[in-house]
2 protein chains.
Amino acid sequence: MQDLKVVLRDDEMPRQWYNIQADMPTPLSPPLNPATGEPIDPEALGAVFPMNLVEQEMAQDRWIDIPEEVLQKLLIWRPSPLQRARGLEQALGTPARIFYKNEGVSPAGSHKPNSAIAQAYYNKQFGIKRLTTETGAGQWGSALSFATQQFGLELKVYMVRVSFEQKPFRKLMMQTWGAQCVPSPTLDTEVGRRVLAEFPDTPGSLGIAISEAIEDAVSSPDTRYSLGSVLNFVCLHQTVIGLEAQKQMEKLNLYPDVVVGCVGGGSNFAGLSFPYVRDRIHGRNVRILAAEPTACPTLTRGPYAYDFGDLAKTTPLLPMHTLGHDFVPAPLHAGGLRYHGMAPLVSRLVKDELIEATAVNQLDSYAAGMLWARTEGFIPAPETTHAIAAAIEEAKKAREEGRERVILLGWSGHGLMDLKGYEAYLKGELTNYEYPQEMIEKSLHALDGYPKL
Amino acid sequence: MQDLKVVLRDDEMPRQWYNIQADMPTPLSPPLNPATGEPIDPEALGAVFPMNLVEQEMAQDRWIDIPEEVLQKLLIWRPSPLQRARGLEQALGTPARIFYKNEGVSPAGSHKPNSAIAQAYYNKQFGIKRLTTETGAGQWGSALSFATQQFGLELKVYMVRVSFEQKPFRKLMMQTWGAQCVPSPTLDTEVGRRVLAEFPDTPGSLGIAISEAIEDAVSSPDTRYSLGSVLNFVCLHQTVIGLEAQKQMEKLNLYPDVVVGCVGGGSNFAGLSFPYVRDRIHGRNVRILAAEPTACPTLTRGPYAYDFGDLAKTTPLLPMHTLGHDFVPAPLHAGGLRYHGMAPLVSRLVKDELIEATAVNQLDSYAAGMLWARTEGFIPAPETTHAIAAAIEEAKKAREEGRERVILLGWSGHGLMDLKGYEAYLKGELTNYEYPQEMIEKSLHALDGYPKL
């Protein structure tokens, strides 16, 4: 029988995270204090994040031990299966072999709990009693609700009001896991009250929700803020994905020719790909391919520059590919990919040509997701369909070239909470979004006057 | 490290189903033709089911080979993990060890695809091009949509109209997998037209939907009907659950003291428990416990009698525990447990005291489901919460008696598509349902005049 799936035992779970900062040919430029243009003082971040995570953000060690308590929680669903997409291969008539790392098996249905569990643990260790966060589509909010419940922390999730109303099921997941989920803007914060006074009917935005969550966190000594992507330590926590995949591929005596994942803030992609980027840095012949939406073409059309992580300019300036902090992406169903910036680690590796990027439009990604669901069974999240579309392109190229190829695909999550997008696709209601160059250039003016890279 | 999870490799997947008919101390009484009171002629079922499945329904062989094509499809998500519920054990302070067999990992999120895949295969083998079925809450309809898509069959699902309107996401799953899902009653069948002429605003019922699906199937030579529970062959297909669990427990050098599952039509429960019932028949000391809702207390309060499988009296008379074919259970959130009868195999084994039954009320089952979600992470389906509540009772008894015990729990599916029930519970809107004895006796009058057991 052919290998359809490789599972690892609990005792084969990686015991350390991989920190790519130890191997990068070009070190990261430091985050800057926007007021001074100088590197930010780590202590200044201590009001927002616990200092043990701030230290992890700066760490240069190649391997960082996964604490035993974190490991025990990850084992609820990890190691995740590595599966072969043979139904899809047959439908494509490709000689390529497509393997996917199925992160949809977690309680929240995506890769997000990999970092949520670690962040909840480190906050608890630091004596923090309560976390705040924001959520758009709800993936991160629900993952962190699960994680904080596991460690007995309180959580308040500021959910963008329009999503709160349109996606009641995500809110119900958070409540089932004991979190408080409120529609943002709220009357509970200064910034929320200000927005509501001016625009009582606002649908809210991720920018406002972040500002509310940070204001809430910094105004209480035992509360901190939690972020689900972009940061170095979030990418670090996600590397269990790629480390497991390497062990699993090894059991098949295979090594991928190309590693494909979708990118929004970058953490899922970093998690799968960084252990392979390391191999590439050390001379291995492997392509690393990031798939982003054409509606938010951060890597393919945004410059590498210093920019704020949020619309409200509350974060330090981060060195990253960006479309400008006030770029407003189209109302894409892949909510997790609607981010103007990109993890600095991923950005630097793209800049150094260790990672390639490609942009996929919405209709192609849904077509890919539909083909996947009908051949492989599992219904992918709208974000994941971008990686699938890119993998299908690679498989078609292999067919045209008549070459066997091994494709490793990051299957970041299932789409059972996102079926409205599939309905809209089936009804022919979806469109593509491609931005005229002038529009992108206009939003990039927001970078004027800030330090250059 | 303690064992939190046991996974099996693809090559450890069972290659045969277990047919308990070969080991039952009392053979099943035959299904009867209601018109004559005589055992039904198998050929008469050939218009409804393909003859290869009709033969499997009657088979007496202990082991039945799983066809290679079925095996390959089951490997998309099987073998399913056996996991330890240590978070729950700690919350309960019990010396018992609770292991659960996680059937929520399938593409449809429950155990249902185990039989859906097999039924799609056998129909395809028999030259059938199209299937029909009915669905209430949508678990079976979505599982069969996934399975028919895997084998290139067409499918029409008659979904009870009120569910069709209240549960749009289940319908969207079916459509994503390429099935046609229509609100029943429809204008497409004689019975549907008749009902709609008389009651244009009817919410529909499972009875009407079954009648429509069967009428549709028998009126076309290349169409057959498919049923997701109750039948012998459905129970047979589900035995991969228990056979895998036995291998997994063996790797831990453990044997359960008690095996607990929830029962509606009986197939999930049969699947987990029958391999253990076999051990019990052969003298092994193991308790087998079926958990049903107090709102539909088939095993705990219904007699063992001949009754129709459906309200419309289109099926043969089946020997089973029943509340009467026109018993209408309360509008329970655990839609999969709202069935007036019970698989004849499960019923006979209860009658022979090889299986015990217990009834759980709705509030206790949601409280159990909530405790599970907050300790173990995965959110259980409302049906599954009944088994969890019964397992918790067993764990508490172990605590009181100060005895170590090994509890094996059938975790039949996740509740991500059923979060409205959790919302209603959290809002305090749910109630318990217990029927006065007179009411049950009244519905049992429907059995008057039919053959007795």
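Here is how names work: the chains are called A, B, and so on, in the same order as the sequence lines, proteins then strands, and each is numbered from 1. Here the structure is a predicted model, which is why all the values come from computation and not from measurement.
For chain B, the option among Trp77(A), Phe169(A), Tyr425(A), Tyr422(A) with the highest count of heavy-atom pairs below 4.5 Å is Phe169(A). In terms of non-hydrogen atom pairs under 4.5 Å with chain A, the most contact-rich of Thr176(B), Val7(B), Ile379(B), Leu416(B) is Thr176(B). Highest contact tally toward chain B, considering only Lys420(A), Arg9(A), Lys171(A), is held by Lys420(A) [criterion: heavy-atom pairs under 4.5 Å]. Between chain A and the residues Leu8(B), Leu172(B), Val105(B), the most heavy-atom pairs under 4.5 angstrom are made by Leu172(B).
Residue Phe146(A) touches chain B through its side chain alone, counting heavy-atom pairs closer than 4.5 Å. For Gln175(A), the parts sitting under 4.5 Å from any heavy atom of chain B are the backbone and the side chain alike. Of the atoms belonging to Arg170(A), not a single heavy atom falls under 4.5 Å from chain B. The contact between Met173(A) and chain B is made by backbone and side chain atoms together, counting heavy-atom distances below 4.5 Å. In this structure, no portion of Pro113(A) lies under 4.5 Å from any heavy atom of chain B. Residue contact with chain A, scored on non-hydrogen atoms closer than 4.5 Å, involves the side chain of Gln83(B) exclusively. For Ser145(A), no part lies under 4.5 angstrom from a heavy atom of chain B.
Distance check: Leu4(B) CG to Leu74(A) CG gives 11.0 Å after rounding to the nearest 0.5 Å. Interatomic distance, NZ of Lys5(B) versus CG of Asp10(A), reported as 4.0 Å (0.5 Å rounding). In this structure, CD1 in Ile76(B) is found 13.0 Å from CZ in Arg84(A), a value given to the nearest 0.5 Å.
A donor-acceptor contact closer than 3.5 angstrom is absent between the side chains of Gln150(B) and Arg374(A).
Here the shortest heavy-atom pairing between Leu419(A) and Met417(B) reads CD1-CE, 3.7 Å.
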